[in-house]
Every structure is written in C-alpha cells, then in structure tokens.
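Below you'll find the structure, written out as structure tokens, and then a few comments.
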There are 2 protein chains.
Amino acid sequence: MSAVFTRLDKSGADSKSRRAVPNRPSVVSEAIKIMMTDKGMMPGDRLPQEPDLIRAFSASKGTIREALKMLETQGLIQTRTGPGGGAFITDIPTDHANALMSNYFFFKNLSIGDIYEIRQVLEPELAAELTKHLGEKEFAVLESTMVAYDHPPATIKEEQRQRIAELEFHERLAEFSANPLLAFMCGFLVSLLKDLAVCRRIYRNPNPELRERGYSYQGQLIEAMRAGDPEAARSIMKAHMVAARRLMAKQEAIVNRGFLSLNGKKRGA
Amino acid sequence: MSAVFTRLDKSGADSKSRRAVPNRPSVVSEAIKIMMTDKGMMPGDRLPQEPDLIRAFSASKGTIREALKMLETQGLIQTRTGPGGGAFITDIPTDHANALMSNYFFFKNLSIGDIYEIRQVLEPELAAELTKHLGEKEFAVLESTMVAYDHPPATIKEEQRQRIAELEFHERLAEFSANPLLAFMCGFLVSLLKDLAVCRRIYRNPNPELRERGYSYQGQLIEAMRAGDPEAARSIMKAHMVAARRLMAKQEAIVNRGFLSLNGKKRGA
DNA sequence: GTCGCCAATTTATTATGATAAATTTTGCCC
DNA sequence: GGGCAAAATTTATCATAATAAATTGGCGAC
C-alpha cells in the first residue's frame with residue numbers, strides 16, 4: 001500500500017530560494033504517518049511508545065513530543081497515560097475537522113449569503129440521496145428532533161433553542177448521508193450557522209415565519225422521503241433553502257465569527 | 001471584538017465521566033488564540049517571543065513550544081529564526097487546509113462517485129456565480145490553461161499532463177470565486193482528483209473522449225461567461241460534469257488515497 | 001467467591017538548562 | 001556605496017530530572 005498522509009509543515013514555495021528544510025518535528029511526524037500507512041494501521045491501533053520513537057528516529061524527547069502534538073492537532077492520534085497507554089490512531093472526529101475548517105475561514109469574512117449559496121445546492125442533493133436508503137429508524141430520529149419546534153416559542157430562550165433544534169434537524173440529515181463528502185460539507189455549513197447562532201446573535205429577533213415554514217417544509221420532506229420520491233424531496237428542500245436564504249438575508253450581512261476550539265467546546269461571546 | 005478561534009484539543013465527550021481536562025499546551029494555544037482575536041491581530045503580525053510567552057503564561061519552554069506547534073499545525077502561525085523572528089500570524093494557505101481535510105477523509109473510503117455527486121451541483125453554481133464578475137484578464141488565464149490540451153496527446157506522459165491541466169482549469173475557476181466557501185470546496189474536490197491522478201493511476205488508460213468533450217465544454221463555458229449569461233454557464237457546466245462523471249465511473253470504484261502532507265508537497269506512489 | 005479499595009508500576013506531562021542552527025543586523029573594508 | 005564578514009538575536013534541538021495521571025494487580029472485607 002502506497003498510501004501516505006498529507007504533509008502539513010511549512011510551505012516549500014517561499015519568497016527567497018530558501019529551500020524547504022522542514023524542521024525535525026515535521027519530519028518525524030511525516031515519518032510516523034508513513035509508518036502508519038505502511039503498516040496498514042487502523043483507528044484504535046497503538047503507536048510505539050515515546051522511548052521507542054526516540055530510539056527509532058534518533059530524536060530527543062521534546063522533538064518526539066512536538067511531532068506527536070502535530071499529529072494530535074491534525075486529529076490523527078490521541079494519547080492516553082497509564083500502563084498500556086500511548087498514542088492511538090483515531091478516526092478524526094467531525095467536530096475536530098469542523099474546527100480546523102472554521103479556522104481556515106477566519107480571515108475570509110464569510111457572509112450568510114455565501115453559506116446559503118452552497119446550502120441551496122447541497123441540501124437538495126442530500127435530500128435526494130437520503131431518499132434512497134433512509135428507513136423508519138432514521139425518520140423517527142428526525143421526527144423526534146422536530147417536536148422541539150412544533151409549537152410557537154413561549155420565551156425568547158425557547159426561540160433560541162428552537163433555532164438550534166431546527167439546525168440539528170439538518171445536522172442529522174447530513175449524518176445519515178452515505179456520501180462522506182456530502183455529510184461533512186452539509187454538516188460544516190450547519191456548524192457555521194450554529195456558531196453564528198451561539199456566538200453572535202443573528203437569531204435574536206423573533207421570526208415566526210422562519211419557524212413555521214421550516215417546520216412545514218421538513219414535514220413535507222419526510223413525507224416525500226418516506227414515499228421514496230427523491231425528486232420531490234429535492235424540490236421541497238430546494239424551496240426550503242430558497243425561503244430560508246431570503247429570510248436570513250435580512251438578518252445580518254457579514255458573519256463575524258471566531259476561531260473554533262479543537263476540543264469541540266464552544267465559547268460564548 | 002469577541003471573536004474566538006475554534007478549539008481543537010481532546011474531546012470532552014469521552015466514554016467515562018473523564019472530564020475534559022485539556023493538557024497545558026492546548027490551554028496555552030487556546031489562550032494565544034484568544035490573545036490574537038482580542039488584540040485584533042491580522043496575518044503578518046508577530047506574536048510575543050518565546051521568553052515573553054513563557055512569562056505571560058507561566059509555562060515551561062517545552063509547553064510553549066508544543067502550543068506554538070499546535071498553532072503552526074493548524075496553519076495559524078509560522079515561525080522564523082533570527083533577529084526580528086518569532087511566530088507570525090498567517091492567512092491559512094489553501095493547500096494546508098486541503099491537506100487537513102484530506103486527512104479527515106482518509107478512513108472514509110471516498111469513491112469517485114461521491115466526489116462527482118458534489119461536483120455535479122457545486123461546479124454549475126460556481127460557473128453561474130463567476131459569470132457575474134469575471135473579466136478579460138481572468139478569461140485570458142483560463143484560455144492559457146486550455147492550450148495544454150487543445151490537441152491530442154502524443155505520449156502517455158502528455159496524456160497525464162493534459163489530465164492535470166484540465167483539472168487546473170477548474171482549480172482556477174474556483175480561485176476566481178467571490179464566495180470563499182465555494183472556492184474552497186470546489187478546489188478541494190479538484191485536489192482530491194489530482195491526488196488521485198498522481199498517487200494512483202486512475203487516469204492511466206487513454207481516454208480521448210474525456211479530453212475532447214472537456215475541451216469543448218470549457219470553450220462553450222467561457223463563451224457563455226463572456227456573454228454574461230449565468231444560466232447558460234450553469235447548464236453547460238452541468239452537462240460537463242454529468243459527462244465527466246459517467247466517464248470517470250468506469251475507471252475505478254474506490255479512491256484509495258493517502259494522507260496529504262501539510263507542506264504542500266506531494267508524495268509519489 | 002466477589003466486590004471494592006489501596007498501592008505499585010507504567011506512562012505521559014511538565015520543567016530546566018545547555019548547545020546548536022539559522023538569519024538578520026551591523027560594521028568594516030575595499 | 002557596495003559587498004563581505006562577524007556578531008547578535010532568536011528559534012530549534014537535545015539531555016536530564018522531577019511530577020502527575022492512570023491502570024493494573026493484589027489485598028482485605030463482606
């Protein structure tokens with residue numbers, strides 16, 4: 001197997017002819033990646049322990065630690081202490097990947113319009129794709145999410161909770177996708193909107209129309225998916241997105257978000 | 001400004017009630033992120049130097065170094081040695097973000113169909129969006145990319161170069177987008193296909209139909225964009241994607257990719 | 001015999017200090 | 001003034017030691 005991880009250290013295309021001399025931790029972390037792929041290691045497998053790595057790569061403890069920290073930051077490993085402990089290969093948590101991506105967009109000044117331009121085409125595709133393989137178990141999960149906003153909110157706090165729950169409906173949809181790319185992208189877009197909802201106060205003003213129409217659309221969507229009609233699901237979702245986009249456009253133009261934390265926690269504003 | 005970076009350390013939702021006790025480097029790196037946002041620092045600005053950080057956070061040299069290594073791995077900073085050196089805030093390079101994402105999908109077994117399912121909806125949207133704001137300068141860039149494959153390939157090597165150039169056409173398109181999300185997602189999908197082309201040998205067999213139809217579609221696309229007709233551009237791109245998807249589907253089912261390197265270099269197979 | 005607690009071992013984590021490498025700045029000489 | 005060389009500054013690496021965390025295994029009580 002010639003599979004290799006993607007290298008992440010300093011770019012080789014610098015201003016001067018400063019050749020890319022990756023520092024030692026980077027070299028070691030890349031070597032560990034190669035070791036992982038060459039041995040065909042899978043999530044759950046354990047890497048050699050620190051002293052062994054020190055010997056294997058002839059590097060100091062500090063260097064090995066920095067290399068492991070790089071892999072940990074990339075989400076590739078997690079470390080545990082105690083007997084039998086060490087660095088374990090992990091399937092990168094989606095939250096972690098979301099956080100990484102979110103950082104990338106920090107200086108890009110995303111607007112709500114940018115987000116909805118993509119959602120408007122991805123979510124309908126997702127709806128159509130899900131129709132092929134969703135079962136009653138999944139529909140039950142979706143419907144249980146919807147009960148949170150099947151009624152007008154009594155308080156401003158409930159209003160906020162309902163907005164989040166509405167977004168979680170879409171998060172669930174994404175998780176159910178058989179296409180990992182579609183799942184991640186749709187989930188990421190929702191996570192952008194959720195952070196928005198928490199960190200900023202876009203969803204502050206009451207917006208009964210958004211809730212009502214959202215609930216109605218989602219009901220129709222489940223119906224269409226139950227009926228096994230992908231094109232109906234697609235067009236319902238499309239209408240849902242177009243409507244949501246229009247309603248959201250009034251709220252705020254620029255999304256001034258913050259960096260997301262790599263451990264999944266959110267920081268209130 | 002209350003903007004905050006996304007945290008990336010160990011998850012708080014563990015099997016046991018093991019409360020999320022992030023280790024010191026994680027805490028410090030988060031604190032540095034907060035410092036960055038609180039001070040409204042921008043790419044190019046320099047962080048305090050190691051000794052100052054050691055004092056500021058009352059942590060050891062090793063801890064600070066690991067924290068900085070985390071930020072570097074996330075693409076948030078780069079460090080330089082020498083006088084006036086230190087850690088500098090960087091706009092995360094797209095290559096870096098691609099590599100990070102690519103790692104996420106390592107264990108997900110993406111298929112070509114997965115990639116094209118998304119391209120089929122995103123690329124048309126991109127085409128329509130570009131029509132609004134592309135000028136002659138951009139068209140010239142696109143056309144100069146196309147000359148690489150305006151003729152049948154003479155050798156197997158040229159065949160491969162042409163495939164890559166064809167993908168670079170789409171890469172350019174993505175770069176021109178005014179929507180950073182659209183730009184990244186389309187660029188990422190192409191980078192997946194490019195890695196495919198290099199690391200695996202999907203594009204090995206000659207496929208004259210793919211080149212010819214691709215060239216023709218792209219010519220029509222530029223024409224439509226020049227004419228300022230977004231819907232024409234959209235439908236041309238859609239047809240292009242549908243055709244490419246069909247042709248690619250025959251090639252290989254599963255994309256057995258490797259981890260990508262964080263410094264933008266590729267590793268041949 | 002089983003459950004729960006305590007101690008010992010293994011491991012990561014943090015800390016400190018010293019040396020090396022790299023780069024920029026400065027100053028000198030031509 | 002231009003170019004080369006030495007010096008100063010800063011990160012990078014290494015080495016060593018002490019501390020904290022977590023699991024295992026054994027011991028005792030029930």
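Throughout, protein chains are lettered first and strands after them, A, B, ... in sequence-line order, and every chain is numbered starting at 1.
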From CZ of Arg80(A) over to C1' of dT13(C), roughly how many Å is that when rounded to an integer? 16 Å
Here the salt bridge (Lys or Arg N to Asp or Glu O under 4.0 Å) pairs for residues 169-178 of chain B, sequence neighbours left out, are Glu171(B)-Lys194(B)
Only pairs at least two apart or in different chains count here, so list each salt bridge (Lys or Arg N to Asp or Glu O under 4.0 Å) that has a residue in residues 177-187 of chain A. none
Arg65(B) CZ - dA12(D) P separation (whole Å): 4 Å
So, using side chain to side chain contact (heavy atoms under 4.5 Å, CB included) as the criterion, who are the partners of Ala87(B) when residues are at least two apart? Leu47(B), Leu68(B), Ile77(B), Thr79(B)
Set of side-chain hydrogen bond (donor to acceptor under 3.5 Å, both in side chains) partners for Thr94(B), sequence neighbours left out: Tyr104(A)
dT10(D) C1' sits how many Å from Asn23(A) CG, rounded? 15 Å
By nearest atom, which of the nucleotides dA12(D), dT13(D), dT14(C) is closest to the Ser60(A) side chain? dT13(D)
What is the distance from CG of Leu68(B) to P of dT10(D), rounded to the nearest Å? 15 Å
According to side-chain hydrogen bond (donor to acceptor under 3.5 Å, both in side chains), who are the partners of Glu138(B), at least two apart in sequence or on a separate chain? none
Please list, in numerical order, the residues of residues 47-54 of chain A that have a heavy atom closer than 4.0 Å to any atom of DNA chain D. none
Please produce a list of atom pairs where a protein N or O lies less than 3.5 Å from an N or O of nucleotides 16-21 of chain D.
none

What I want to find out is whether Lys69(A) reaches Glu66(A) closely enough, with some N-O distance under 4.0 Å, to be called a salt bridge. no
Could you check how far CD1 of Ile64(A) sits from C1' of dA12(D), rounded to whole Å? 14 Å
Would you please name every residue forming a side chain to side chain contact (heavy atoms under 4.5 Å, CB included) with Gln162(B), sequence neighbours left out? Tyr149(B), His151(B), Pro153(B), Glu158(B), Arg211(B)
Spacing between Glu66(B) atom CD and dT11(D) atom C1', to the nearest angstrom: 16 Å
Looking only at side-chain N and O atoms, does Thr63(B) come under 4.0 Å of OP1 or OP2 in dA15(C)? yes
Measure from the side-chain N and O atoms of His133(A) to the backbone N and O of Ser177(A), and report whether any donor-acceptor pair falls under 3.5 Å. no
Pairs involving residues 96-105 of chain A, ordered by first then second residue, that meet salt bridge (Lys or Arg N to Asp or Glu O under 4.0 Å) (sequence neighbours left out): none
Atom CD of Glu72(A) to atom P of dT13(C): distance rounded to whole Å? 7 Å
Can you measure Arg46(B) atom CZ to dT9(D) atom C1' for me and round it to whole angstrom units? 11 Å
With Thr81(B) via side-chain hydrogen bond (donor to acceptor under 3.5 Å, both in side chains) - residues at least two apart: none
Residues forming a side-chain hydrogen bond (donor to acceptor under 3.5 Å, both in side chains) with Asp45(B), sequence neighbours excluded: none
With nearest nucleotide decided by heavy atoms, which residue, Ala59(A) or Gly84(A), maps closer to the 5′ end of DNA chain D? Ala59(A)
Please list, pair by pair, any protein nitrogen or oxygen found under 3.5 Å from a nitrogen or oxygen in nucleotides 2-7 of chain D.
none

